[in-house]
Amino acid sequence: MSRIENHVILGDLDQGKQVWITVDGKKYPAKEGEPILSALLANGIKVQNISVKKHEPRGYFCGIGRCTNCVMTVNGDPNVRTCITPVEDGMVVETQDGLGKWEEP
Amino acid sequence: MKKDIEILIIGAGPAGLSAAIEAAKYGADVLVVDENSKPGGQLFKQIHKFFGSRRHQAGVRGMDIGTQLLEDVKKLGVEVMLDTVAYGIYPNGEGVALAVKGETGYIVHPKKIIMATGASENPLAFPGWTLPGVVGAGAIQTMINVHRVPVGQKVLMIGSGNVGLIVTYQLLQSGANVVGIVEAAPKIGGYGVHSAKVRRAGVPIYTGHTVLEAIPNEDMSGIKGAIIAKVDERFQPIKGTEQFVEADCIGIAVGLTPDIGLPSMAGVTFTNIGRLGGTVPLHDRDLMTTEDGVYVAGDSAGVEEASSAIEEGKLAGIAAAEALGKIDKETAAEAKANVWNSLNQLRTGPFGAVRAECKEEIIRQMEEWKVKNHVD
């Protein structure tokens, strides 16, 4: 886990409540309520999806919900903007391939 | 949920909140909506002290201005609906469609609408620009200052305007290294105080340079650096000057574009002003657009700074309250003149003066539009 613990202006990091999320089958710690994206970055995960046309890895660009470059499949729902979707305990996050698929019910 | 409101304000950033505060002070019934789960727009990632004079809260950090605005809004009892997307503006008084948490839908019928929807960061296209790790400078600010996660160990910044310079400094404050700032122009774009700070910290500023490409790592899950080169007076790369700069993140700070989706849906007339970010709505001195009762304020009315967004929000708030008959003409005129004074002060100096001219151009074109369309 890598976070900015001490900051000259912002002071010490508020640790918050630790929860667990599963990313591509592996468990990672996260902070409840933080965006999924920041939990991924804290755990060193940079790729959010594989592009539709060229099948290349893609990551976030704007970080505030505008560009949709950071979409992933979350709890079976494709195209979830991870930069503005808060982490919940037990969330299942998957690197999305292209446009993604809705999970069969 | 109340369906009839006097003023609907879309966007709870510096402009929207300031508009709400002014309008509510004069007794207007105001509803603020914002698609984000937290109010404040982009103020809370701005941990640096603002400029201007004391009346513009110079020396106060952006995040503290945000906290103050929220306190004022709360004191006045203004309702702020979060996670609420305004996605449809219908003609003939059929209202505005709101979606709350992506589930519940409402139609509200506001008498006046103030659109303070902000702006989006510009991307920059070069080979490798789509790789993970090539991100907006504002996104870096959000990650390091709001969410407190590192974006990389070695960051290369593209663009030496105020955003590029300030984010560079904030990266240093967060413990990251900035391996350089690349600027195509022969001179640094932003204020001297900001560039002096990053220069003192030893960050090289490559003026007259451009980024040629980002170099991916083995599995393309990120980058290992970038190739930069000198440019000639026509901004074309000069052969033989290429150099590799090691970096695991590239920040793109090449300006913003006003978010004009909603004004567009409302049918307002636009003009193109490059120095304000591109296509912007025409508006008069009250910040009212070519659609009666539809106002714009802040970056969506032309990209400037949070301080000017606050002043524009105030203007729109006062004007909308006046149009509703909440204030008499003299009081409104005095209040608006005060804000205009303040705005004009902000729009001085080598950077501000250009923005002042651009804003006057918008107002001039609006006057022309009024004459052509027989509007008083």
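Just so we're on the same page: letters track the sequence lines, and every chain starts at 1.
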For a 4.5 angstrom cut-off between non-hydrogen side-chain atoms, does [X] reach [Y]?
| X | Y | value |
| --- | --- | --- |
| D14(A) | R148(B) | no |
| P132(B) | Q48(A) | no |
| I4(A) | P150(B) | yes |

Query raised in the report: Mind checking what makes side-chain contact (heavy atoms from CB on, under 4.5 Å) contact with V19(A), not counting sequence neighbours?
Result: A30(A), E32(A), V87(A), D89(A)
Query - Test side-chain contact (heavy atoms from CB on, under 4.5 Å) applied to K38(B) - qualifying residues, sequence neighbours left out - result: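 Applying side-chain contact (heavy atoms from CB on, under 4.5 Å) to K38(B) gives none.
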At a 4.5 Å cut-off on heavy atoms, which part of [X] comes close to chain A: side chain, backbone, both, or neither?
| X | value |
| --- | --- |
| V134(B) | backbone |
| S221(B) | both |
| Q42(B) | side chain |
| P216(B) | neither |

Which portion of [X] sits near chain B, non-hydrogen atoms under 4.5 angstrom:
| X | value |
| --- | --- |
| N6(A) | backbone |
| E5(A) | backbone |
| L37(A) | side chain |

Query raised in the report: Say you draw a straight line from CD1 of I47(B) to CG of L10(A); how long is it, rounded to the nearest 0.5 Å?
Result: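 With rounding to 0.5 Å, CD1 (I47(B)) is 4.5 Å from CG (L10(A)).
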Report summary line: Highest number of heavy-atom pairs under 4.5 Å with chain B among I9(A), L41(A), V47(A) belongs to I9(A)
Query - residues 52-69 of chain A: residues contacting chain B (heavy atom under 4.5 Å, by number) - result: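 Listed by number, the contacting residues are E56(A), P57(A), R58(A), G59(A), Y60(A), F61(A), C62(A), G63(A), I64(A), R66(A).
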Report summary line: Among E121(B), Q170(B), M143(B), the residue with the most heavy-atom pairs under 4.5 Å to chain A is M143(B)
**Report entry** Which atom of V149(B) lies closest to which atom of S2(A), heavy atoms considered
**Finding:** CG1-O, 4.3 Å
Query raised in the report: Quick one: which residues of residues 247-264 of chain B reach chain A at under 4.5 angstrom, heavy atoms only?
Result: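 Checking residues 247-264 of chain B against chain A gives D248(B), I252(B), D259(B).
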